[in-house]
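Values below: every heavy atom of this structure, side chains too, minus hydrogens, waters and symmetry copies.
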Amino acid sequence: MTEPTSLRNIAIIAHVDHGKTTLVDCLLKQSGTFRENEETADRMMDSNDLERERGITILAKTTSVVWGDTRVNIVDTPGHADFGGEVERILQMVDGAIVLVDAAEGPMPQTKFVVSKALKVGLRPIVCVNKIDKSDSRPDYVINEVFDLFADLGADDDQLDFPILYGSAKNGWMSTDPENVTDSMDALFDMVVNHVPEPAVEEGAFRMLATTISADNFLGRILTGRISAGTIKPNQTVKVLARDGSLVEQGRVSKVLAFRGLSREPIDEGFAGDIVSLSGLTKANVADTFVDPSISEPIEAQPIDPPTLSMTFRVNDSPLAGTEGKKVTSRLIWDRLLKEAEGNVALKVELSTEAEAFTVSGRGELQLAVLIETMRREGFEIGVMRPKVVMKEDEATGEKLEPIEEVVIDVDDEHTGIIVQKMNERKADMTEMKPSGAGRTRMVFHAPTRGLIGYQGELLSDTRGTAIMNRVFLEYAPYKGAIKGRHTGVLISMEQGEAVAFALWNLEDRGPMMIHPGDKVYQGMIIGEHNRDNDLEVNVMKGKKLTNVRASGTDEAVRLTPPLQMTLERSLAYIDEDELVEVTPQSIRLRKIHLDPNVRKRAAKSSSNA
């Protein structure tokens with residue numbers, strides 16, 4: 001096979017669930033990347049276990065396909081705002097973007113977030129209307145929405161004159177006419193080759209900006225980026241410069257890897273314009289510049305948006321600590337968090353004011369929940385406190401500022417009233433309300449981030465599971481005042497041992513349970529939700545008093561109502577300021593920070609006086 005003579009670098013941008021990863025699968029299959037008899041999985045780019053389970057893309061990944069005499073490097077980007085730090089960096093190494101929109105839903109907040117970044121960098125997008133075969137598709141309306149979105153985001157005339165394709169990635173076709181159903185992706189390949197410019201190459205010696213980082217057990221640290229100028233070969237000496245121009249390290253590149261299909265393969269030489277991965281350096285990080293030893297100026301890197309949410313990670317100090325996980329010490333947790341912060345520039349890790357606790361700041365609940373889930377699968381035991389928003393201070397006036405998000409909720413018409421009421425309680429301002437077809441309404445709110453913590457579950461309950469909520473960071477605005485938290489108290493265990501079915505059955509009148517019979521409990525652990533607004537200590541180990549006298553009906557089997565399923569996200573959203581989530585490889589438990597009831601009362605008294 002002859003080596004391709006030209007090159008194109010593109011990113012695929014879309015809202016979560018609009019079909020990015022499915023589209024990449026299709027391009028890989030139709031470009032001849034696999035043998036005819038080769039077995040392939042669905043959503044091949046979502047290689048991480050968590051990505052497959054949740055059906056979302058968390059990490060941006062690169063692949064490469066050959067079309068005719070052109071090699072096309074494709075980057076699959078995450079669709080959630082929480083992982084937007086990945087997207088912002090990726091856009092620096094591509095020359096074009098495919099904006100994928102759902103033929104029924106149209107452009108959603110995350111599309112807006114990433115498209116604004118792409119237009120700012122100067123990319124000229126290709127718009128693909130996907131899922132055209134859906135019964136409620138409305139391509140003309142969607143195209144008008146996309147045009148309005150581009151205009152609102154300040155696109156120039158060239159960017160507004162975007163080419164349009166219609167099709168269905170799942171069924172493997174794209175066409176310039178929605179009525180003309182084809183049997184291949186040829187129209188998209190041809191559009192990429194003709195519309196996306198070749199990579200701009202600068203004169204001079206080797207220069208490359210690192211945009212993503214990964215680790216390999218054999219090669220060590222691997223940094224990926226696009227070569228801006230010159231060439232790179234294995235064993236070549238390079239300097240690594242920080243954003244301010246200071247020297248990070250100097251060393252030899254052990255391997256130069258390029259993307260070929262889904263795998264990374266070693267190559268003899270990397271040329272300007274290509275996306276490659278370099279290994280062999282130990283200190284280099286994302287946003288650093290790899291240069292020839294003769295160069296002293298770094299490539300300018302785009303600043304990353306600041307974190308808006310922080311969470312305190314603590315060493316697990318519950319009575320059951322160390323019984324389920326292997327990694328429980330503060331040193332191991334700190335090292336793991338530092339390693340995560342290295343590869344994920346949207347995360348910030350600091351030592352907390354409390355002993356053996358660390359503050360992790362990120363873009364949103366989902367990003368932090370994915371980190372916690374990854375750590376528990378690796379064998380860590382940690383205690384996690386309620387998420388808090390990262391406040392700022394206005395430099396001019398000294399006023400306290402808080403993060404505001406744009407929230408788009410699609411819901412059946414009959415449930416709009418309850419949503420407006422609940423969002424109003426959360427200090428949200430409605431900016432738009434319009435019908436979105438098929439008996440549904442789309443509402444747009446500007447709401448403080450702290451008011452949205454834990455709202456997802458409540459929203460689904462209020463609307464019988466019919467609402468779809470999408471959020472994206474908007475701006476920092478003046479503090480909007482106190483927001484009322486959870487309306488109910490909790491049931492707290494007063495003893496350590498195993499829960500008994502008879503005791504749980506007797507407590508059912510007090511509120512729904514969160515544990516099963518036989519579960520291990522300890523003093524201060526939350527075992528259920530109280531019907532009233534105060535906390536109540538209960539004994540869940542009180543067995544039935546047995547006698548020699550048998551009466552009809554007294555020995556019936558206890559029938560319990562199934563307990564609440566407290567997933568990680570639901571638990572993080574549920575807990576109050578004086579509670580935390582104990583996360584271990586096998587269990588997720590809720591507990592009070594102070595397990596002893598006397599200490600708890602003293603702490604509550606001192607906080608109310610403060």
Side-chain angles (χ1 to χ4, degrees), residues 3 5-11 60 62 64 71 73 75 85-96 117-118 120-123 196-216 219-259 264-304 341-345:
E3 192 62 27
T5 54
S6 67
L7 187 66
R8 300 288 185 277
N9 297 320
I10 58 163
T62 310
S64 170
R71 177 171 296 287
N73 287 323
V75 187
E86 289 274 326
V87 178
E88 291 162 32
R89 299 200 312 269
I90 290 302
L91 294 174
Q92 297 175 346
M93 60 184 192
V94 296
D95 307 291
K117 304 281 180 194
K120 204 169 162 189
V121 180
L123 301 182
V196 177
E198 284 214 29
V201 176
E202 297 169 15
E203 294 295 316
F206 170 71
R207 282 203 306 282
M208 182 186 102
L209 179 69
T211 42
T212 63
I213 186 171
S214 57
D216 184 279
L219 298 173
R221 188 177 285 217
I222 298 175
L223 287 116
T224 304
R226 184 175 80 173
I227 303 173
S228 302
T231 59
I232 183 77
K233 293 179 181 176
N235 291 323
Q236 190 172 320
T237 303
V238 294
K239 274 196 313 191
V240 180
L241 303 176
R243 283 176 66 172
D244 57 3
S246 58
L247 180 68
V248 176
E249 66 173 323
Q250 183 163 335
R252 285 178 187 274
V253 173
S254 62
K255 265 197 168 63
V256 179
L257 306 157
F259 295 93
R264 264 197 286 223
E265 294 176 8
I267 54 172
D268 296 331
E269 187 171 16
F271 296 95
D274 202 358
I275 296 174
V276 297
S277 301
L278 306 180
S279 67
L281 294 138
T282 54
K283 294 179 188 167
N285 211 330
V286 168
D288 289 345
T289 308
F290 287 69
V291 294
D292 187 84
S294 61
I295 293 173
S296 56
E297 283 291 311
I299 298 171
E300 190 181 339
Q302 284 271 331
I304 301 295
E342 262 184 16
N344 189 341
V345 290

What's the spacing between [X] [atom1] and [Y] [atom2] if we round to 0.5 Å?
X	Y	atom1	atom2	answer
Asn9	Glu198	CG	CD	10.0 Å
Asn235	Arg252	CG	CZ	6.0 Å
Leu223	Phe290	CG	CZ	4.5 Å
Leu123	Ile10	CG	CD1	11.0 Å
Leu247	Leu241	CG	CG	6.5 Å
Lys239	Glu249	NZ	CD	13.0 Å

Can you sort out the partners of Arg264 under salt bridge (charged side-chain N to carboxylate O under 4.0 Å, His left out), two or more places apart, ordered by chain and number? none

Results of salt bridge (charged side-chain N to carboxylate O under 4.0 Å, His left out) for Asp292 - residues two or more places apart only: none

Flag side-chain contact, heavy atom, 4.5 Å: Lys283 against Val240: no

Please report the closest heavy-atom contact between [X] and [Y], naming both atoms and the distance.
X	Y	answer
Ser254	Pro234	O-CB, 3.9 Å
Ser228	Ile299	OG-CD1, 3.5 Å
Glu203	Ala229	O-CB, 3.9 Å
Gln236	Lys233	OE1-N, 3.0 Å
Met208	Val276	SD-CG2, 3.9 Å
Leu91	Ala11	CD2-CB, 4.3 Å

Test log, rule side chain to side chain contact (heavy atoms under 4.5 Å, CB included), inputs Val238 and Leu278: CA-CA 11 Å; Val238 294; Leu278 306 180; 5.8 Å; no

Not counting sequence neighbours, which residues clear side chain to side chain donor-acceptor pair (under 3.5 Å) with [X]? List them please.
X	answer
Arg8	none
Ser246	Asp244
Thr289	none

Consider only side-chain N and O atoms of Thr211 and Arg226, and report whether a donor and an acceptor are under 3.5 Å apart. no

N/O donor to acceptor pairs below 3.5 angstrom from side-chain atoms of residues 265-274, sequence neighbours left out:
| residue | atom | partner | partner atom | Å |
| --- | --- | --- | --- | --- |
| Glu269 | OE2 | Thr231 | OG1 | 3.2 |
| Asp274 | OD1 | Asn73 | ND2 | 3.0 |

Checking Arg221 side chain against Ala284 main chain: does a donor-acceptor pair fall under 3.5 Å? yes

